There are 2 protein chains.
Amino acid sequence: MIPNETKKKKLSSNMEDYLETIYILDQKRETVRIKDISALMDVKKSSVNNAINVLSERELVRHEKYGYVVLTLEGRQLSKAIKKRHDLLVRFLGGILGVDEQTAVEDACRMEHVISSVTNDRLRKFIEFVDTCPTGEKPEWLNSLTYYIEKGKRPKTCTKKIKRK
Amino acid sequence: MIPNETKKKKLSSNMEDYLETIYILDQKRETVRIKDISALMDVKKSSVNNAINVLSERELVRHEKYGYVVLTLEGRQLSKAIKKRHDLLVRFLGGILGVDEQTAVEDACRMEHVISSVTNDRLRKFIEFVDTCPTGEKPEWLNSLTYYIEKGKRPKTCTKKIKRK
DNA sequence: TCTCCATGTTAGAGTACTCTAACATGTTTG
DNA sequence: CAAACATGTTAGAGTACTCTAACATGGAGA
C-alpha cells in the first residue's frame, strides 16, 4: 500500500512564518505585496520570492508575476490556524505565566511552529477554564500564582494546612 | 565598538539536541560513542561525526579520533540546562495540561529549543507552585481544570456564583 | 599474528533556506 | 511620452544540516 498521496507534507517553520505574515497583512490592507512581507519579516525580497514560489506550488497562495499575493481558501484556513496558535500562546505566556509582552510574543513566534494539536487544544481549554471562572474575574489560585511568581512565596491566605513528610 | 567576541553564538536546535543526547548517555554509562548517539537520535554516524566536530570547536565536547566523546565542563553545564528545560516541559505538558506521555515528550523535545529563559523560569515557578500546594496534594483548581479538560465543563462545585453580563 | 567485523571518518551529493548583485518590469511624474 | 524610481525576479554563492557510499581504524578471536 502506498501511503495516501493527498496527505501533504507538513510546512516548515519558515514557510509557516511566511504564511502567517501574509495572513496578518491580508487582515489589515486590501492587497499584499512581496515588499510588505519583506519589510514585516525583515528578510530580502528575493527570499520572499523564493518562499512565495514554494507556497504557490502548495496551492496556499496565488501569485502572478509582478502582482499581488493572494491566499487560497486552504492557505487562509491554515494561516488562520497558525495565527490562532500564536495568539493563544501569547495569552498563556503573558496572561497566566506573567511573561512580559515582548518576550511572550517572541516565544510564541517560535513555539507556534512546534506544538502539537493536542497541546494546542489543552492550552486553549486551560485559558477557557480561566476565562470562564465563575466569579467572572481572575480566579483566586491565579492571583496566588502571580504572587508566588513575583515574591517567590505563597500569599498568607494560601499557606495554611501544610502537611508534608 | 566591536561587540564582545567572548559572547558565543547560540547553538542551533540541532546542536542542542546532540548535546542533550550526549548528556543523557553520559548519565547512564561510562563512555559515550558516536554509535550510541547515532542509535539514540536515529541519524547516521556521519551526521553525528559532523555534529561532534562542531561541538568540539565550541569546546563543548572533547573527542579524539576513534575515541570516546567526553563533555567539557561548559558542555556539561549547558547540556544539563537543556535537559532540565526538557523535563520541566514534560512535567508541565503531562502533569498540568494532561497531555499524553508520548506527545508531551515529543512536544518538549521541540519546545525546549525555543523557549526563553524568562518563560522557562515562569514555568518552573508554576510547577513549584503546584508542587508546594499547602494540602500536600493536587490543588482543587487543578482537579477542576482536569475535569474541564476531560468533560468540557466545570465540575458542579466550581460553577456557582456566575455573574457575567 | 592475522583476519574479520564493529565502529569511525571522509567525500560528495541533496535540501532548504539565507543573502548580494544584476537585471526586468511597471508606475509615476515632469 | 519618456525618464526615474519603486518593486519584483533571477542567478549564483553561502550555511547548516541531511544522507549514501567508500574507505580507515582498532580490537577480539581463530
Side-chain angles (χ1 to χ4, degrees), chain A residues 5 8-22 25-26 29-71 75 78-79 82 109-110 112-114, chain B residues 5 8-22 25-26 29-71 75 78-79 82 109-110 112-114:
Chain A
E5 50 189 310
K8 292 179 187 172
K9 233 187 310 175
K10 201 183 164 300
L11 273 192
S12 71
S13 294
N14 287 333
M15 289 305 148
E16 282 193 356
D17 271 333
Y18 280 107
L19 201 57
E20 187 186 359
T21 302
I22 294 165
L25 287 167
D26 182 78
R29 64 187 76 198
E30 333 73 61
T31 57
V32 179
R33 294 202 141 280
I34 298 266
K35 193 219 139 158
D36 303 322
I37 302 167
S38 163
L40 194 54
M41 295 184 71
D42 195 28
V43 295
K44 299 296 162 188
K45 283 175 294 171
S46 55
S47 304
V48 177
N49 216 284
N50 171 64
I52 295 299
N53 289 335
V54 174
L55 295 176
S56 285
E57 269 164 35
R58 298 263 189 138
E59 306 257 327
L60 296 169
V61 301
R62 258 180 256 298
H63 178 237
E64 285 177 28
K65 270 199 175 185
Y66 299 100
Y68 302 130
V69 178
V70 183
L71 286 166
L78 183 50
S79 58
I82 296 165
C109 276
R110 294 187 303 267
E112 71 197 33
H113 306 300
V114 304
Chain B
E5 50 188 309
K8 293 180 186 169
K9 233 186 311 171
K10 202 183 165 300
L11 274 192
S12 70
S13 294
N14 286 335
M15 289 304 149
E16 283 194 354
D17 271 333
Y18 279 107
L19 201 57
E20 187 187 359
T21 302
I22 294 165
L25 288 168
D26 181 78
R29 63 186 78 197
E30 332 75 61
T31 57
V32 179
R33 296 203 140 280
I34 299 267
K35 192 217 140 163
D36 303 322
I37 303 167
S38 163
L40 194 53
M41 295 184 71
D42 196 27
V43 295
K44 298 299 162 185
K45 284 174 293 171
S46 56
S47 304
V48 176
N49 217 285
N50 171 65
I52 296 299
N53 289 335
V54 174
L55 295 175
S56 285
E57 270 163 34
R58 299 262 189 140
E59 305 257 328
L60 296 169
V61 300
R62 258 180 257 297
H63 178 235
E64 285 177 28
K65 269 200 174 180
Y66 299 100
Y68 302 130
V69 178
V70 183
L71 285 166
L78 183 50
S79 58
I82 295 164
C109 277
R110 294 186 303 266
E112 71 196 34
H113 306 299
V114 304

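Just so it is clear: chains get the letters A, B, ... in the order the sequence lines come, proteins before strands, and each one is counted from 1. These numbers come from a predicted model, not from an experiment. What's counted below: heavy atoms across the whole structure, side chains too, no hydrogens, waters or symmetry copies.
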Protein-nucleotide distance (B:Met15, atom CE; D:dA16, atom C1'), rounded to Å: 8 Å
Nearest-angstrom distance from the residue atom CD1 of A:Ile34 to P of D:dG8: 6 Å
Min side-chain heavy-atom separation A:Leu78-A:Leu71 under 4.5 Å: no
side-chain contact (heavy atoms from CB on, under 4.5 Å), paired with B:Ile37, selected from B:Met41, B:Lys35, B:Arg33: B:Met41
Touch class at under 4.0 angstrom, heavy-atom based, for A:Tyr18 against every strand present: sugar-phosphate
B:Ser79 side-chain N/O to B:Glu20 backbone N/O, donor-acceptor pair under 3.5 Å: no
Residue-phosphate contact under 4.0 Å: B:Lys65 side-chain N/O, C:dT10 OP1/OP2: yes
Nearest-Å distance for atom pair CG/C1', residues A:Asn50 and D:dG12: 13 Å
Value in whole Å for how far the P atom of C:dG12 lies from CG of B:Asn49: 16 Å
Beyond-backbone contact of B:His113 with A:Val114, side-chain heavy atoms, under 4.5 angstrom: no
Distance in angstrom units between B:His63 NE2 and C:dT7 P, rounded: 14 Å
Atom-pair distance (NZ on B:Lys35; P on D:dG26), nearest Å: 19 Å
Closest non-hydrogen atom pair, B:Ser56 against B:His63: OG-CB, 4.1 Å
For DNA chain D, the residues among residues 37-48 of chain A that have a non-hydrogen atom under 4.0 Å from it: A:Lys45, A:Ser46
Any A:Leu11 side-chain heavy atom under 4.5 Å of A:Val54 side chain: no
A:Glu64 CD - D:dT7 C1' separation (whole Å): 16 Å
Spacing between A:Arg33 atom CZ and D:dT9 atom C1', to the nearest angstrom: 13 Å
